[in-house]
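The structure under discussion appears below in the form of structure tokens.
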Amino acid sequence: MSIKNTILISLLFVSLIIGIFIIGIFYYEVEHAESIAKREAGVIAKTVTFFVEDIVKDTSSLRAMGESSELQNIIVKFRNFEKRDIAIVDMNEKIIADAVPEEIGTVFLHDPNNEVAHTLKDGQIRTFTEISKAYPQGIKLLAYPLELESGKRIGGVILEYTPLYNEVMKWGKSRFYKLMVVYAGVLCIFIVLGYLISRKIYTPLIEINNAALKIAGGDMETRVSYESSDELGLLADSFNRMTENLKESRDKILTSHKKLEEEIIERKTVEERLKKAINKIADEEAKTKSIIKGLGVGIIIQDLNYKILYENELQQKKIGNHIGEFCYAAYEGKDHICEDCPMVLSLQDGGIHRTERRIPTEEGDIYYELISSALLDSEGKIGGGIKVVKDITELRQTAEKLREHRAHLLELVEQRTAEALQSAHLASIGELAAGVAHEINNPINGVINYAQILADRMLKGSKEEDMARRILKEGNRVSEIVHSLLTFARQNKDKKLSVNVSDILSETLTLTMAQLRKDNIHLDINMPGDLPLVLANPQQLQQVFLNILNNARYALNQKYPNLHEYKKIEIRGDLNVAMHDTPHVQISFLDYGPGISSDNLNKVLNPFFTTKPAGIGTGLGLSISDGLIKNHGGSLKLESKEGEFTEVIIDLPVIEKDET
């Protein structure tokens with residue numbers, strides 16, 4: 001804000017304060033007039049009260065006086081003398097005496113806020129304004145309590161104080177108007193005085209301000225032309241001297257600035273060269289970091305005392321930040337150098353050495369390959385070493401998997417080789433059995449025929465007939481054995497027929513029954529005759545049954561060399577529908593031999609695994625049997641308890657209707 005405006009506003013503010021003071025005086029006069037009128041009305045009301053108290057002793061006499069018009073005459077005299085309305089009411093606000101006779105006997109109803117009733121109740125003096133038909137502009141009234149000397153309140157006096165109030169207000173307004181005229185004159189003087197003062201001070205200040213703006217714009221030749229002996233003249237003179245000093249200082253600054261610019265240009269040239277060098281170093285450092293990061297290995301730099309000087313981000317992420325620690329303490333938890341540390345060799349001969357480390361963790365072992373190399377200083381001396389840490393856990397795991405896979409492949413090769421040998425062995429046996437069967441078949445048929453002739457010619461019941469019948473019986477048995485051998489020899493793996501498992505079992509028992517009887521092994525067979533047919537290769541099923549019976553016979557002979565009640569084989573057949581919701585024929589072979597241990601139970605189906613002594617078992621029987629049953633869509637499982645029993649259970653799917 002400018003000085004001119006400040007001076008004018010200050011004068012207007014002083015004028016405003018004076019005006020507010022005059023208005024305050026006016027409101028004071030209004031309140032003063034009100035107070036004077038109320039006080040004067042109170043004096044009159046008290047005078048009336050004293051007069052009434054002398055002649056009125058109680059309420060009944062007050063009413064009586066009102067009825068006799070004695071009190072009314074007093075009120076009328078006051079009305080004529082004071083020129084104002086006055087009325088007296090009892091405790092029920094009923095008018096006992098009034099300057100207007102028509103109001104006598106009525107209840108005072110011109111009190112909008114019941115001020116009279118409150119005065120009659122608590123004895124406090126109150127004022128109010130009556131607005132009625134007689135006084136549409138309103139008159140000011142005062143309610144004064146009417147009390148006896150004893151303190152008993154018997155009514156009240158209602159007195160008008162409007163005339164005195166109007167008279168006092170008239171005098172106050174006259175004085176207010178005079179003050180307003182004086183205030184207007186003072187305001188005009190202030191306005192003229194403010195204009196003269198602002199002109200005297202504002203004009204030279206504006207000139208100084210304009211000169212300062214020109215100097216700030218670079219015009220050092222500008223001067224203030226105001227001359228005077230007062231303070232503003234001194235200010236203008238000081239301003240001109242300051243301008244001269246500024247001009248001299250500017251010339252010196254310009255000279256210094258020119259020299260500084262030359263130095264800055266030279267320094268910038270040096271800085272640019274330094275910046276290029278720094279950028280080149282930063283680029284090389286970034287390339288080095290990128291190469292180190294791209295290698296995907298941990299990098300460690302150590303001094304000659306094996307203290308860690310640097311670890312790259314990957315190394316810190318895997319092992320943690322160990323910069324400043326000794327490597328053997330940080331990585332191995334030792335207080336001395338590791339015996340097989342490759343860094344020791346690198347610091348000795350300057351060559352490259354490597355080794356492997358295994359670190360056990362909760363998630364498994366971690367394998368690292370450590371490659372150490374010496375670091376040479378500018379003179380070609382060994383100043384430290386660098387170690388590359390490569391995680392080879394996945395490589396070790398992959399190698400382990402490859403070894404396991406190779407072992408599995410070798411195992412499969414051995415299994416297939418064993419199967420091929422078994423097939424060749426079976427083929428040889430088949431050829432031998434076929435040759436033997438043909439050689440035996442012809443003479444045995446002759447024996448049967450001759451035995452039949454002798455039996456027919458002998459006397460019935462004679463000893464000779466009985467011997468002939470026995471020869472005939474044994475000959476037929478030999479013929480059945482030969483027939484089974486021929487059937488076994490004529491195997492056809494590719495052809496499957498609808499067969500009855502009971503028939504296959506009977507033919508198998510024909511081949512092995514003699515050996516079982518020789519070993520005193522009892523057979524307990526329960527094969528229902530109504531079992532459904534299965535689709536199978538009869539020779540392969542016969543081979544499976546023979547292998548199971550031979551194993552059971554061997555086991556029983558090992559546990560019971562002589563005759564024993566538990567030296568027996570129980571064979572059961574049944575229809576099992578619980579397997580894959582498809583009906584299966586189930587055949588079980590139970591023997592009470594030495595059983596199989598829990599450790600070997602899961603191994604007996606593996607190729608070449610056997611519990612028999614060397615030279616007795618090959619370990620292929622159950623493995624081949626399991627493969628044959630699976631080839632028929634069935635399953636073979638073993639249940640055993642060491643020292644008590646072994647049970648082989650075979651399930652074969654029943655032929656469905658569309659396969660018959």
Side-chain angles (χ1 to χ4, degrees), residues 30-169:
V30 173
E31 293 295 328
H32 184 62
E34 181 81 17
S35 177
I36 293 174
K38 289 180 181 179
R39 187 166 60 250
E40 188 270 344
V43 172
I44 296 175
K46 190 173 182 181
T47 303
V48 174
T49 301
F50 286 151
F51 178 77
V52 172
E53 286 179 353
D54 291 337
I55 61 175
V56 178
K57 301 300 180 183
D58 54 29
T59 305
S60 60
S61 59
L62 177 61
R63 292 175 180 173
M65 183 176 290
E67 293 174 358
S68 62
S69 300
E70 183 177 354
L71 186 59
Q72 178 66 23
N73 292 331
I74 295 173
I75 294 302
V76 171
K77 290 179 180 181
F78 270 102
R79 171 72 169 75
N80 295 332
F81 180 76
E82 294 293 336
K83 304 299 182 180
R84 65 185 71 180
D85 288 338
I86 185 172
I88 296 175
V89 297
D90 60 10
M91 293 299 293
N92 296 320
E93 296 185 60
K94 185 177 181 181
I95 299 175
I96 303 301
D98 195 327
V100 181
E102 292 80 4
E103 298 290 334
I104 296 174
T106 62
V107 177
F108 187 80
L109 299 176
H110 308 301
D111 181 6
N113 296 321
N114 293 325
E115 299 292 343
V116 176
H118 293 317
T119 298
L120 294 176
K121 184 176 181 180
D122 57 16
Q124 299 294 324
I125 301 174
R126 288 178 173 79
T127 60
F128 60 92
T129 302
E130 176 187 348
I131 299 176
S132 60
K133 292 181 179 181
Y135 305 104
Q137 301 299 324
I139 61 173
K140 295 182 178 295
L141 299 176
L142 181 139
Y144 194 89
L146 181 59
E147 297 179 349
L148 301 178
E149 292 181 359
S150 60
K152 183 178 181 181
R153 194 176 305 116
I154 60 175
V157 177
I158 301 173
L159 177 66
E160 178 191 2
Y161 64 92
T162 302
L164 180 60
Y165 173 78
N166 292 335
E167 184 178 350
V168 175
M169 281 299 298

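Note that these values count all heavy atoms, side chains included, but never hydrogens, waters or copies made by symmetry.
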Hits for side-chain contact (heavy atoms from CB on, under 4.5 Å) against N113, two or more places apart or cross-chain, chain-then-number order -> E115
Scanning both residues in full, the closest heavy-atom pair of Q124 with D122 reads N-OD1, 3.0 Å
For the residue pair T119 and F128, establish whether any side-chain heavy-atom pair is separated by less than 4.5 Å.
no
Heavy-atom pair of closest approach, residues V89 and V116:
CG2-CG1, 4.3 Å
Nearest heavy-atom contact between G123 and P145 is O-CG, 3.3 Å
Which value, rounded to the nearest 0.5 Å, describes the distance between D90 atom CG and I96 atom CD1?
4.0 Å
Quick check: closest heavy atoms across E93 and L120, and the distance to 0.1 Å?
CG-CD1, 3.7 Å
